[in-house]
Amino acid sequence: MREILFAGLGGQGVLTCGLIVAEVALFNGRTATWSPSYGSAMRGGAANCTVKYSREMVYNPSLDEPDLLLAMSESALALHGHLVKKGGIVLVNSDLVGGEGFGRTDVSVHRVPCSSLAQRIGQPKGANVIMTAAIIKLLGDFGFEDGMRGMNDMFRKKGKERFEKGNSAAFEAGYSAV
Amino acid sequence: MREILFAGLGGQGVLTCGLIVAEVALFNGRTATWSPSYGSAMRGGAANCTVKYSREMVYNPSLDEPDLLLAMSESALALHGHLVKKGGIVLVNSDLVGGEGFGRTDVSVHRVPCSSLAQRIGQPKGANVIMTAAIIKLLGDFGFEDGMRGMNDMFRKKGKERFEKGNSAAFEAGYSAV
Amino acid sequence: MAEMMKGNVAIAEAAVRAGVRFYAGYPITPSSEIMEYLAKRLPELGRQFIQSESELAAINMVMGAAACGVRALTASSGPGISLKQEGISVLSDEELTCVVVNVVRYGNGLGTLFSSQCDYFRETRGGGNGDYRCIVLCPSSIQEAVDLMLTAYELAEKYRVVTVFMTEGALGQMMEPCELPDFVEPPKLPWGFDGKYSYKKIGIFDRDSMQEAEQLNRKYETIRAEEQRWESENVQDADYVFVAYGLPGRAVKGVTRQMRAQGLKVGLIRPITAWPFPVKAFAEVNPGVKGFITVEANATGQMVDDVALASKTVFRDRFVPTHALPCVYGLPSRKFIMDGFGQIVSGARKEVY
Amino acid sequence: MAEMMKGNVAIAEAAVRAGVRFYAGYPITPSSEIMEYLAKRLPELGRQFIQSESELAAINMVMGAAACGVRALTASSGPGISLKQEGISVLSDEELTCVVVNVVRYGNGLGTLFSSQCDYFRETRGGGNGDYRCIVLCPSSIQEAVDLMLTAYELAEKYRVVTVFMTEGALGQMMEPCELPDFVEPPKLPWGFDGKYSYKKIGIFDRDSMQEAEQLNRKYETIRAEEQRWESENVQDADYVFVAYGLPGRAVKGVTRQMRAQGLKVGLIRPITAWPFPVKAFAEVNPGVKGFITVEANATGQMVDDVALASKTVFRDRFVPTHALPCVYGLPSRKFIMDGFGQIVSGARKEVY
Amino acid sequence: MDRIIVTQSRCKQCGLCVAHCKQEALSFSAVFTEAGYRPVQVDDAKCIKCGICYLVCPDRVFTIIGAPGGKASAKQSASA
Amino acid sequence: MDRIIVTQSRCKQCGLCVAHCKQEALSFSAVFTEAGYRPVQVDDAKCIKCGICYLVCPDRVFTIIGAPGGKASAKQSASA
Amino acid sequence: MAVSRKVPAIIDRETSFCPGCGHGIVIRLIAECLEELGQDNNVIFPLGVGCSSLLGGGLVTDRLHCPHGRASAVATGMKRCEPDVTIVAYQGDGDAYSIGIAETLNAAYRNENITMIAINNTNFGMTGGQMSWTTMPGQKTTTSPKGRDCAVTGNPIRFPELVASQFDVAYAARGAVTSPKRIATVKKYIKNALAAQVNKEGYSTVEVLSPCPTNWGLDVLGAMKRIEEEIIPYYPLGEFKKREER
Amino acid sequence: MAVSRKVPAIIDRETSFCPGCGHGIVIRLIAECLEELGQDNNVIFPLGVGCSSLLGGGLVTDRLHCPHGRASAVATGMKRCEPDVTIVAYQGDGDAYSIGIAETLNAAYRNENITMIAINNTNFGMTGGQMSWTTMPGQKTTTSPKGRDCAVTGNPIRFPELVASQFDVAYAARGAVTSPKRIATVKKYIKNALAAQVNKEGYSTVEVLSPCPTNWGLDVLGAMKRIEEEIIPYYPLGEFKKREER
Ligand SMILES: Cc1ncc(C[n+]2csc(CCOP(=O)(O)OP(=O)(O)O)c2C)c(N)n1
Ligand SMILES: Cc1ncc(C[n+]2csc(CCOP(=O)(O)OP(=O)(O)O)c2C)c(N)n1
Ligand code: SF4
Ligand code: SF4
Ligand code: SF4
Ligand code: SF4
Ligand code: SF4
Ligand code: SF4
Ligand SMILES: [Mg+2]
Ligand SMILES: [Mg+2]
């Protein structure tokens with residue numbers, strides 16, 4: 001079973017990011033759960049979700065000990081960095097998260113400037129897709145093709161195939177960024 | 001322990017009648033309970049109460065097996081006549097309750113035309129006091145004086161001593177009527 | 001000297017003497033005399049009486065008064081108490097104190113006017129959201145009701161909980177001799193608002209629910225340990241112990257005494273606090289007791305759960321059956337109790353647990 | 001193929017497919033998506049959606065719809081469900097049917113937005129006046145929720161009771177793959193009003209409460225006998241049996257499987273009906289079981305009462321302790337369960353009953 | 001033939017009809033109903049079947065049957 | 001001496017003050033607050049301490065201290 | 001010439017109202033109007049709690065005893081599910097305006113296509129004559145023992161005026177049952193209200209000033225006189241929102 | 001010449017409202033008025049549930065989070081027990097006019113000597129922007145996905161007008177926070193309302209049209225513009241019941 005925590009600020013697309021990973025897992029024959037941490041959430045602030053996928057049933061869909069943390073903001077890293085499993089992975093948005101360590105040496109940290117990268121490839125809203133691709137590569141459960149097809153399948157089901165080209169470009173950029 | 005059921009129509013003063021008996025008992029060193037049968041009672045109809053008195057605690061204040069039934073109306077007798085203890089007493093308002101028996105020979109029936117008697121003695125509202133006195137005499141637990149003093153004591157405590165003369169007259173009439 | 005008083009009136013006057021400064025309520029039979037009496041009495045004393053637009057508004061007005069640290073009261077019955085559940089849960093959560101009188105009437109929904117004990121589950125477990133508890137007092141005579149009213153406030157304030165004063169239609173409507181207690185003049189409660197922010201209250205979003213849950217459990221444990229109240233008799237050598245509260249409790253007392261006189265080894269536990277349930281009373285029972293029997297004025301038997309749980313706790317080495325004799329409404333007659341007892345002894349009637 | 005769906009949306013769509021013709025409700029987190037979804041969906045299908053002025057109005061609107069014999073729904077959480085208690089009691093009394101979804105959130109009073117199981121007592125015993133019962137279903141996955149929705153209506157209508165669909169904030173908010181059932185087209189219920197007095201209803205003052213109480217007891221007995229639902233595993237040889245429902249039930253399942261793999265003899269009973277409580281599941285348990293352990297997302301431990309009562313009924317010859325591990329809110333982690341279990345086995349943690 | 005029917009058993013002796021009948025055709029009977037009221041009775045000779053009593057009666061005691069040009073006749077219900 | 005104090009840490013970059021300052025004395029700073037906003041800064045030379053910004057700000061960022069006849073000076077709070 | 005007058009079948013039973021209670025008159029009028037509109041076999045009554053509940057046994061139609069105050073919400077659920085059946089919420093002043101003001105008002109606010117008839121007897125009749133929101137200034141009741149003090153309790157509410165002036169409703173009127181003429185007028189109002197519903201024009205309501213001799217401590221004629229002399233001056237009779245020509 | 005402007009001590013804290021939320025402006029105005037009336041250390045706030053609850057942490061005074069919709073009933077209990085303390089019920093439109101309409105209305109009906117400030121942002125802000133009883137005709141919300149259809153839901157309620165015309169209250173007004181001038185006027189209204197309470201004149205209320213940029217899906221200035229162009233035309237600004245000269 002894999003557990004991933006997606007954490008950031010409202011508006012950064014972290015919830016969708018988690019959903020794409022879950023859908024990719026589903027597309028590739030896993031079962032998956034996606035759990036937001038909801039709150040009196042209207043007022044900006046934090047937005048998180050936990051995705052778990054597995055070949056058998058996911059018993060406990062809630063946050064426990066993530067294999068990977070996506071930290072899209074400084075506060076996300078500060079609040080959740082300590083939860084990551086020993087030997088796990090932390091992926092940070094280096095556009096917003098400072099370079100200092102966060103006090104752990106037992107995890108591998110990957111830094112992707114997804115906001116600026118998104119601008120650069122002409123997909124200003126694609127930062128979360130970039131990170132999705134990076135996560136898929138980092139975890140190694142699904143290949144590039146599996147990930148891309150899973151993502152596009154999801155958007156197609158939602159009737160959003162018009163974004164396919166942009167999403168694919170972002171996915172490629174993210175996959176190469178780690 | 002004594003149990004008395006006071007039954008009649010709204011406006012006939014049966015509830016007060018019961019209360020006087022209870023107060024007389026109290027005045028004479030007993031304890032007593034008074035329980036109305038209340039209902040969605042605004043619409044005329046039946047009015048009943050059960051009084052129990054005793055030298056020790058009254059355990060169950062509710063209607064069980066009365067020693068005496070006061071039936072101020074036809075329906076009161078019809079509804080409650082069967083409840084009276086074997087060998088008990090039924091006191092009826094013969095102004096309103098017909099002369100036919102009510103199918104029991106194991107109780108002693110006393111008939112007092114309290115409404116007309118009240119008119120006759122110039123106490124048109126005194127029918128219930130008349131019956132109170134009759135009940136006290138019939139049960140024999142308290143003498144004439146005990147009853148009269150207990151009643152007057154109650155009205156005095158309620159600040160209604162101005163009715164004392166009339167009440168006393170009614171009491172006397174009732175006591176002599178059985 | 002004790003005077004004949006109507007239960008509802010006596011309860012209302014006892015509340016006045018316990019220092020109630022504020023009443024809000026909405027009429028409902030068989031509780032209305034409480035508010036009718038206070039409509040006259042409280043203004044005479046310069047205290048506050050409001051006939052609110054509903055029971056829901058009433059409990060919220062009581063909440064406002066309680067937040068200002070005064071003794072506040074509301075009374076109702078049946079569906080009226082149902083409408084107060086959200087408010088009682090909020091009062092409990094804010095640790096505000098008041099007394100809620102439930103003059104229980106029988107029935108689901110609109111119900112009837114019969115006297116009853118059908119709200120036992122709701123009052124002892126809370127009908128609002130969450131897992132709060134109220135202290136539940138259930139008097140069996142007008143005198144006991146009058147004597148418990150001050151206790152009701154003192155307990156509420158000692159533990160910062162709501163006290164439910166659970167009585168029955170028949171007790172509210174009947175009269176019997178009773179002596180009223182003296183007047184007390186309670187000071188403003190320490191957590192009462194005064195407009196000056198003297199008492200520092202934490203904002204709702206700043207609270208730590210996990211820590212509060214622990215505190216809550218500790219508080220409830222303390223109440224369970226300290227505040228069980230009951231009356232019992234003849235339990236040490238009883239073959240069967242009846243458990244009944246309120247007016248049925250008193251009726252059963254009479255019957256069990258008669259049964260004893262006839263040589264039947266029966267005893268009685270009469271809970272005075274329905275919550276905390278008097279588990280301690282069971283420790284005094286004959287270790288060889290053959291069964292417990294609840295007599296309740298409801299349809300399904302509700303207290304039987306608590307009796308079974310108490311008996312499981314106390315009689316660990318063997319199975320003691322717990323029976324229920326629910327008389328639906330009113331008071332259980334001697335015949336009802338004796339018949340039920342006969343069926344139980346003969347095995348014709350099965351235990352619930 | 002199964003698709004990722006949000007719990008609340010899946011529940012709403014399942015209700016649509018079960019033939020719900022009428023929804024009335026008032027928004028509250030974490031249940032609001034149910035009504036937001038239906039605000040769009042029901043009118044599309046020519047069915048009725050009302051955003052009512054309050055939860056209290058909503059349950060009364062549902063009552064009106066139910067009286068007309070259609071499948072009606074309301075959903076809420078926390079204090080919103082408290083405001084429906086009078087109405088649920090009336091629906092039960094009139095033997096009208098509907099489904100009330102409670103997406104349980106944690107806390108007394110205004111509460112929090114945490115996912116929880118703190119309304120167990122209220123839902124299983126009724127928070128309104130009287131002694132009615134609702135059938136209480138508690139799914140542990142979105143698929144199970146979707147599959148239980150039609151059942152919820154069928155049970156309600158079979159017995160003429162209200163079904164409480166008791167789920168949790170986390171289930172309402174999460175997504176997982178689920179397959180939706182087919183559409184059903186329920187006929188108008190036989191007792192539904194049509195304006196022609198086809199169904200003869202007795203006036204409220206003409207009813208015989210004593211006789212109705214007997215009927216009610218018989219009905220509840222039948223439900224208890226026929227409608228217990230649960231899932232269990234590894235109980236035949238278990239030293240300890242966990243009892244947990246909903247999402248915690250599912251979490252405990254994972255943990256007990258791991259414990260088995262480590263050689264620990266533990267089993268699980270997961271109630272699917274909280275009322276009637278699955279007492280029958282206990283009959284299958286190892287006669288030598290050393291204890292039961294509830295894992296509940298509330299502060300005080302509530303289901304522990306039912307477990308203790310069930311165990312008293314089934315294990316008559318000896319004392320089997322019943323423990324509670326209440327995790328307050330959220331889902332119990334492996335560590336929480338293992339730590340609690342360790343304390344229980346070592347005797348450091350005492351049983352509740 | 002015009003008729004007025006008085007279902008005396010339902011009458012609660014409120015007096016509204018008596019007060020409003022302009023013909024003074026209504027009065028209270030001397031006998032009691034089962035419920036203990038002295039019900040209204042109609043004087044057929046005075047009654048013009050105007051329907052006022054029907055209109056004001058809260059207890060649906062009156063029925064008036066109008067027959068074009070027919071002569072009126074009162075009928076006291078047997079159930080009194 | 002008139003002064004305007006800007007508690008930048010509270011600013012949520014809503015822009016209301018910037019829009020309403022008739023002197024165009026307000027602008028967004030380049031640095032971020034902890035909460036992730038670019039807070040307002042005041043150009044002391046332009047500010048006339050009219051108080052409009054105080055009036056419209058939902059987040060109590062401004063304090064204006066008026067000293068009769070004194071010269072104004074802006075003070076950026078250290079907490080930004 | 002004589003006109004036939006026959007009590008409609010759906011209400012041709014004994015009821016348990018007190019002697020001279022206005023409820024008895026109004027419910028007959030409603031039944032007559034339903035009959036005349038061909039709706040007497042196409043009607044559901046959500047009943048309020050109060051003396052209106054006494055209708056439960058007397059009324060031979062579909063009917064539901066609603067929780068106290070909530071009849072208009074129940075009516076809403078019914079109407080949405082049975083849009084072609086006539087729905088009559090029958091409520092007392094306490095039921096409709098005190099505990100039920102939110103549901104009563106909101107049905108009017110939504111312009112729900114139902115008819116609400118409110119029997120205003122200026123007190124809570126069934127429970128023994130407590131003050132209601134229509135109790136007259138100075139009126140003694142069991143909860144206003146010194147007479148209603150409007151400085152503390154507010155002034156009596158005028159509901160038809162309120163909905164007519166504040167909300168977009170189809171019809172609102174007030175009548176009284178003190179005399180044959182007034183009774184005939186009330187009937188006209190009730191018929192207008194029901195006709196509005198049948199024609200799907202929206203919310204209609206009629207308030208009826210009605211005696212409660214029992215709790216007023218007056219005889220029946222005295223109670224009628226009180227309405228004429230004291231109550232009508234405060235509660236004007238008439239149509240506050242007339243039906244629009246369509 | 002410069003005028004000193006200092007945030008009142010009782011509200012001189014961070015709050016967690018969204019950027020540009022009108023709640024933040026109004027609560028500061030209330031605090032200023034309290035200060036000016038010498039009531040800032042003599043005040044209790046019964047708070048509604050909604051974004052108004054976010055005040056819990058920001059406001060350093062006696063305050064109670066009331067059940068949703070019931071703040072005016074809670075306020076009543078408080079005022080009766082502490083008649084000399086200023087009681088300010090601070091509520092949202094959903095809280096005061098939807099779920100709480102009975103309690104809100106009844107406080108006005110009784111002319112209870114409290115002040116109720118309602119933040120009308122035409123939706124349920126805190127729970128994600130559902131329709132409220134002040135949502136504009138045609139406005140899209142999560143529960144009116146095709147735009148509010150007033151034929152089914154009723155027309156937006158105008159509360160200050162309702163109480164001013166129907167009940168005997170001391171003061172009722174409506175303002176908006178769209179510009180410095182309007183904000184200054186709102187402040188005047190709030191001060192009038194509070195002064196009425198301090199002088200024991202009776203019930204006072206001010207409704208404030210206020211932006212909810214988050215749920216409206218607009219930027220802050222766009223939200224203000226919407227109020228000016230769309231909302232004010234439907235909800236007239238001004239005093240509907242002025243204070244009487246005494
Ligand atoms: C929730 C609830 N509260 C209180 C009651 C008690 N109750 C029954 S009827 C009634 C008042 C009825 O007054 P009104 O509506 O004016 O009708 P009337 O009897 O005067 O015709 C009250 C308070 C109840 N049944 N339910
Ligand atoms: C009884 C109850 N029902 C529903 C809710 C959920 N709820 C919380 S705030 C709110 C709406 C708030 O809207 P409004 O009063 O307009 O305040 P705003 O957030 O817009 O300022 C709702 C429905 C609740 N807390 N309690
Ligand atoms: S029909 Fe007219 S005349 Fe005849 S009794 Fe009735 S009111 Fe009198
Ligand atoms: S109006 Fe009807 S009830 Fe009244 S006296 Fe006449 S017939 Fe009898
Ligand atoms: S005080 Fe006036 S001039 Fe100065 S920044 Fe504020 S709005 Fe601009
Ligand atoms: S108004 Fe206040 S919060 Fe908004 S930008 Fe200006 S200083 Fe910042
Ligand atoms: S109490 Fe009043 S309203 Fe009720 S039936 Fe009697 S007279 Fe009519
Ligand atoms: S959601 Fe709307 S009302 Fe609530 S804080 Fe944000 S902008 Fe303000
Ligand atoms: Mg009335
Ligand atoms: Mg709002």
Side-chain angles (χ1 to χ4, degrees), chain E residues 1-23 25-26 28 32-40 42 44 46-75 77 79-80, chain G residues 1-32 51 54-55 58-60 119 121 175-188 208 210-214 218-225 227-228:
Chain E
M1 208 176 64
D2 292 352
R3 283 189 306 148
I4 177 164
I5 304 172
V6 183
T7 309
Q8 289 187 321
S9 61
R10 291 186 186 170
C11 175
K12 290 178 188 152
Q13 201 184 342
C14 74
L16 281 171
C17 57
V18 179
H20 286 292
C21 172
K22 298 215 180 74
Q23 304 303 113
L26 296 171
F28 294 118
F32 286 84
T33 62
E34 248 181 57
Y37 298 111
R38 289 172 50 206
V40 146
V42 58
D44 202 21
K46 292 183 181 165
C47 172
I48 58 166
K49 318 294 173 302
C50 71
I52 293 285
C53 51
Y54 170 94
L55 200 59
V56 300
C57 175
D59 283 287
R60 51 221 70 177
V61 169
F62 300 98
T63 304
I64 295 171
I65 299 175
K71 208 200 152 305
S73 101
K75 188 182 151 193
S77 147
S79 57
Chain G
M1 207 192 67
V3 192
S4 286
R5 304 270 197 163
K6 205 176 151 357
V7 176
I10 59 170
I11 193 67
D12 197 6
R13 288 203 182 185
E14 283 181 39
T15 61
S16 43
F17 300 116
C18 306
C21 175
H23 274 289
I25 304 174
V26 179
I27 189 64
R28 197 199 65 232
L29 298 179
I30 297 173
E32 288 169 16
C51 290
L54 297 171
L55 270 188
L59 194 64
V60 190
I119 305 300
N121 55 17
V177 290
T178 47
S179 72
K181 211 173 129 203
R182 293 222 196 272
I183 292 172
T185 308
V186 169
K187 180 168 171 186
K188 211 176 65 197
V208 184
S210 174
C212 177
T214 304
L218 294 172
D219 62 25
V220 177
L221 296 173
M224 292 298 188
K225 194 160 154 239
I227 296 178
E228 280 294 329

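With rounding to the nearest 0.5 angstrom, the SG atom of Cys21(G) is 8.0 Å from the CG atom of Leu54(G). Rounded to the nearest 0.5 Å, atoms CZ (Arg5(G)) and SG (Cys50(E)) are 8.0 Å apart.
Residues that satisfy the salt bridge (Lys or Arg N to Asp or Glu O under 4.0 Å) test with Glu228(G), not counting sequence neighbours, are Arg182(G).
Here the side chains of Phe62(E) and Val6(E) are in contact, with some heavy-atom distance below 4.5 Å. Side-chain contact check for Leu59(G) versus Thr15(G): every heavy-atom pair is 4.5 Å or farther apart.
With a 4.5 angstrom heavy-atom cutoff, Ile52(E) touches chain G only via side-chain atoms. For chain E, the nearby part of Ile27(G) is the side chain; its heavy atoms alone come within less than 4.5 Å.
Counting heavy-atom pairs closer than 4.5 Å to chain E, the top-ranked of the candidates Lys6(G), Glu14(G), Arg28(G) is Arg28(G). Among the candidates Val61(E), Asp59(E), Thr63(E), the residue making the largest number of heavy-atom pairs closer than 4.5 Å to chain G is Thr63(E). By number of non-hydrogen pairs under 4.5 angstrom with chain E, the leading residue of Thr178(G), Asp12(G), Leu221(G), Val177(G) is Asp12(G).
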